[in-house]
K.L.:
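There's a structure below that I have some questions on.
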Amino acid sequence: MNQTIVIVGGGSAGWLTAAIIAAKHSAPVEGGPGTRVVLLESPDVANLGVGEGTWPTMRDTLRRIGISEVDFLRSCDASFKQGSEFVGWLRGQGESYYHPFSAPAGYPNINLAAHWQASATDSSFGDAVSPQGRVCDRGLAPKQPQSPEYAFSLNYGYHLNAGKFVELLQRHCVDKLGVDYQLGHVENIIAAENGDIEALRLASGETIGGDLFVDCTGFAAILIGKHYNIPFVSQQDFLFNDTALAVQAEYATEDAAIASHTKATARSAGWIWDIALPSRRGVGYVYSSAHTSTEKAEEELTAYIKADPNLADVQPSPRKIAFQPGHRQTFWHHNCVAVGVSAGFVEPLEASALILIEKSAEWISEQLPRDSAAMAVVAKRFNEITRQHWRAVIDFLKLHYVLSERTDTQYWRDHSDAASIPESLQESLSLWHTQVPWHFETNNRIELFSAVSLQYVLYGMEFVTDINDSRYRQWARDAKTASRLIHDTNVQAENFMATLPSNRDLLNRVHRK
Ligand SMILES: Cc1cc2nc3c(=O)[nH]c(=O)nc-3n(C[C@H](O)[C@H](O)[C@H](O)COP(=O)(O)OP(=O)(O)OC[C@H]3O[C@@H](n4cnc5c(N)ncnc54)[C@H](O)[C@@H]3O)c2cc1C
């Protein structure tokens, strides 16, 4: 098919979208040269340059676009991420739980959550059903040195340097995937009679035409926002955080441990992320400006960094990023589709941004419309599914807050106010009091967060589901299998703890190779 796709924006959204589409469509086809992918980036507007945690989906994405894992790890100062640890979210007293990337033992055939509740064991839910929390506690890697690229003992995504990731994607897109990279600042949009975008006029006076325009211009949202005026739907009534202070913190010593999970520590008006790369850590406080001041937030962030003996004792000078939590009402309008921050952004509590970019780009690439009639249908479907994704993201993030028992600051008290809980989440919570989340949570075939993620957060936060219900009698018949799985999980944990290398050791090997 001969068509031109113009992606505007050279941040991670732009380059990931370009790579995913070009990897599938840019090869010449019979009777034509194949799809032309153009990526246009302003020389005057910097990328966001943050976004360092991914989901395991990134392994598939990298493999699909043809990047070797070793190249990726070396070029992007990347490390392995096995999930997130949430510290102080329930009571604010240093307690913690994991949301690991490996599913509970026996998944998807057996739902261990009900059995775990029925057996009233002393183990936390996470430890009963997965060895991964214990592996993370010890700073171990998710795989053996001899494991093939992208293969694992325990499921993983990555921590990466966002700037270096963009550079790698750009090199790969231009050198290997035939993406036409152009520098130019879009100043005007030339509209066709039917309301489509016909071409973009650059500051240089040049025009660039295309069939489909992907808006990856971040907060500027020049196509979907400025040109089409698609309303922005704020989510600040549910998710209060609207400011981030980000720091790149140096290790105290060269051999300091590299955690293989993201640590998210609850603070007085938000939470601090802590992401370990081979050469440094990315640490930042994302908070609600209505609940604290920049000075107070900076104090809390500095105290966190200073209290960690693995970090160099340097006064941090954070970069401040303000954002409005929310998303567009519509994401695909005429021949323009928004991907990345231009489509929406909320606090990075579960690293939902890059996964949403991957899923959106994959969907666009699979469904790439041939003509304007197909475009209208595809656009309608994309909008439906993307709205569902955003609903899922907002409910899932809010879930981390509403189960908290913290009342120590106004921020935590406001988060438990029923008026701040989306109706869809209230409905789910009312069900989960008597039903363990399982395969029928959504009717979506493309899910961002499965029932497993809901379980890890719900039961990590000590939520109780009353399982005295007829539907669990069926599962009681699996009691023997369930006990065996929980027992085997313990054995597996011991085995992993005895055999997996430390994350630092494995990464040192990768970088030496
Ligand atoms: C504090 C913070 C922490 C985050 N942590 C995570 C995380 O751990 N995991 C995760 O998945 N996500 C995270 N994110 C989100 C992640 O950073 C973004 O999703 C990602 O960087 C994608 O950004 P983008 O490409 O949409 O926009 P940007 O990086 O802002 O890129 C915009 C591009 O548009 C171009 N542009 C703008 N205007 C024009 C114009 N007129 N003409 C031409 N080009 C133009 C710019 O030059 C630039 O290339 C985080 C975000 C923040 C703020």
Side-chain angles (χ1 to χ4, degrees), residues 6-18 38-55 57-58 61 81 84 157-163 165-167 169-170 181-189 200-204 206 208 213-227 241-248 262-264 270-275 277 282-287 301 318-325 327-328 338-361 393 448:
V6 181
I7 295 165
V8 191
S12 20
W15 286 111
L16 274 169
T17 306
V38 179
L39 188 140
L40 182 63
E41 177 184 22
S42 169
D44 309 322
V45 185
N47 292 338
L48 206 43
V50 279
E52 303 193 316
T54 85
W55 275 72
T57 47
M58 190 56 83
T61 297
K81 169 179 174 181
S84 295
Y158 303 102
H159 290 150
L160 53 82
N161 175 315
F165 186 44
V166 161
E167 284 166 20
L169 289 170
Q170 177 180 331
Y181 173 44
Q182 302 193 22
L183 271 178
H185 186 86
V186 176
E187 270 196 347
N188 287 307
I189 280 89
L200 308 173
R201 190 181 307 282
L202 309 185
S204 61
E206 196 188 335
I208 295 196
F213 292 82
V214 190
D215 186 343
C216 295
T217 59
F219 290 121
I222 60 163
L223 305 183
I224 201 80
K226 294 215 174 85
H227 175 63
N241 294 343
D242 60 0
T243 314
L245 294 177
V247 169
Q248 299 189 352
T262 298
K263 201 164 153 187
W271 55 278
I272 289 177
W273 76 80
D274 190 340
I275 287 182
L277 306 186
V283 185
Y285 189 9
V286 58
Y287 61 91
L301 181 60
R319 172 182 165 208
K320 184 173 169 182
I321 303 162
F323 60 89
Q324 220 197 327
H327 56 79
R328 297 282 151 196
V339 176
V341 171
S342 62
F345 179 66
V346 290
E347 60 187 89
L349 183 57
E350 284 277 5
S352 52
L354 290 172
I355 187 176
L356 201 47
I357 292 168
E358 294 170 76
K359 294 281 171 201
S360 299
V393 168
L448 284 190

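Order of appearance sets the numbers: ligands from 1, and atoms from 1 within every ligand.
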K.L.:
How far is atom 18 (C) of ligand 1 from its nearest protein heavy atom, and which residue and atom is that?
P.N.:
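Ranking protein heavy atoms by distance from atom 18 (C) of ligand 1, first comes Val341 CG2, 3.8 Å.
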
K.L.:
Hey, does Leu48 come in under 3.5 Å of ligand 1, counting only N/O atoms on both sides?
P.N.:
yes

K.L.:
Just heavy atoms, cut-off under 4.0 Å: does Ser12 contact ligand 1 by side chain, backbone, both, or neither?
P.N.:
both

K.L.:
Working to the nearest 0.5 Å, report the span between NE2 of His185 and CG of Leu202.
P.N.:
9.5 Å

K.L.:
Is it the side chain (CB and beyond), the backbone, both or neither of Ala162 that lies under 4.0 Å from ligand 1, heavy atoms counted?
P.N.:
neither

K.L.:
Can you tell me how far apart CG (Leu448) and CD (Glu350) are? Round to the nearest 0.5 Å.
P.N.:
11.5 Å

K.L.:
Which atoms of ligand 1 are found less than 4.0 Å from any heavy atom of Ala244?
P.N.:
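Within the 4.0 Å cut-off of Ala244, ligand 1 contributes 1 (C).
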
K.L.:
Would you check whether Gly9 has a nitrogen or oxygen atom less than 3.5 angstrom from a nitrogen or oxygen atom of ligand 1?
P.N.:
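Gly9 vs ligand 1: no N/O contact under 3.5 Å.
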
K.L.:
Can you find an N or O of Ser42 that's nearer than 3.5 Å to an N or O of ligand 1?
P.N.:
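N/O-N/O distance below 3.5 Å exists for this pair.
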
K.L.:
Would you mind finding which of Gly53, Gly157, Cys216 brings a heavy atom closest to atom 33 (C) of ligand 1?
P.N.:
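Closest candidate by heavy-atom distance is Cys216.
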
K.L.:
What about Val45: any of its N or O atoms under 3.5 Å from an N or O on ligand 1?
P.N.:
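Between Val45 and ligand 1 (N or O atoms, distance only) the closest approach is under 3.5 Å.
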
K.L.:
At a 4.0 Å cut-off, with the gap strictly under it, does some heavy atom of Gly184 reach an atom of ligand 1?
P.N.:
yes

K.L.:
Indicate yes or no: does an N/O atom of Asn47 lie under 3.5 Å from an N/O atom of ligand 1?
P.N.:
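N/O-N/O distance under 3.5 Å: yes.
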
K.L.:
Would you kindly specify which portion of Ile222 sits under 4.0 Å from ligand 1, judged on non-hydrogen atoms: side chain, backbone, both or neither?
P.N.:
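The side chain, only.
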
K.L.:
For a quick test of reading the model, state the closest non-hydrogen atom pair linking Leu183 to Ser42 and the distance between them.
P.N.:
CD2-C, 4.4 Å

K.L.:
Check each of Trp15, Phe165, Phe345 against atom 53 (C) of ligand 1 and report the one with the nearest heavy atom.
P.N.:
Phe345

K.L.:
Less than 6.0 angstrom separating the ring centers of Tyr158 and Trp55, yes or no?
P.N.:
no

K.L.:
Does the pair Gln182 and Ile208 meet the rule for a side chain to side chain contact (heavy atoms under 4.5 Å, CB included), with working shown?
P.N.:
CA-CA 10 Å; Gln182 302 193 22; Ile208 295 196; 3.2 Å; yes

K.L.:
Show the atoms of ligand 1 that are less than 4.0 angstrom away from any heavy atom in Glu41.
P.N.:
44 (N), 47 (O), 49 (O)

K.L.:
Does Trp273 approach ligand 1 within less than 4.0 angstrom via side chain, backbone, both or neither, non-hydrogen atoms only?
P.N.:
side chain

K.L.:
For atom 17 (O) of ligand 1, what's the nearest protein heavy-atom neighbour? Residue, atom name and distance, please.
P.N.:
Val50 O, 2.8 Å

K.L.:
Nearest protein heavy-atom contact for atom 19 (O) of ligand 1: which residue, which atom, what distance?
P.N.:
Ala353 CB, 3.3 Å

K.L.:
For atom 11 (O) of ligand 1, which protein heavy atom lies nearest, and how many Å away is it?
P.N.:
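Closest protein heavy atom to atom 11 (O) of ligand 1: Leu354 N, 2.7 Å.
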
K.L.:
Are any of the N or O atoms of Gly10 closer than 3.5 Å to those of ligand 1?
P.N.:
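Yes: some nitrogen or oxygen of Gly10 is under 3.5 Å from one in ligand 1.
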
K.L.:
Please state which option from Ile321, Leu349, Val186 has its nearest heavy atom closest to atom 40 (C) of ligand 1.
P.N.:
Val186

K.L.:
For ligand 1, which atoms sit closer than 4.0 Å to a heavy atom of Gly340?
P.N.:
26 (O)

K.L.:
In terms of residue, atom name and distance, what is the protein heavy atom nearest to atom 27 (O) of ligand 1?
P.N.:
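Going by distance alone, atom 27 (O) of ligand 1 is nearest to Gly218 CA, 3.5 Å.
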
K.L.:
Looking only at distances, can you tell me whether any N or O atom of Ala46, backbone or side chain, sits closer than 3.5 Å to an N or O atom of ligand 1?
P.N.:
no

K.L.:
Report the part of Val8 (side chain from C-beta onward, or backbone N, CA, C, O) that has a heavy atom under 4.0 Å from ligand 1; answer both or neither where that applies.
P.N.:
side chain

K.L.:
Rounded at 0.5 Å granularity, tell me how far OG in Ser360 sits from CG in Leu16.
P.N.:
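One finds 11.0 Å between OG of Ser360 and CG of Leu16.
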
K.L.:
Would you check whether Ala13 has a nitrogen or oxygen atom less than 3.5 angstrom from a nitrogen or oxygen atom of ligand 1?
P.N.:
yes

K.L.:
Identify the closest protein heavy atom to atom 13 (C) of ligand 1: which residue and atom is it, and at what distance?
P.N.:
Gly51 CA, 3.4 Å

K.L.:
With respect to atom 3 (C) of ligand 1, which of Gly284, Pro43, Pro348 exhibits the smallest heavy-atom separation?
P.N.:
Pro348

K.L.:
Return the CG to OG1 distance between Asn47 and Thr217, rounded to the nearest 0.5 Å.
P.N.:
11.5 Å

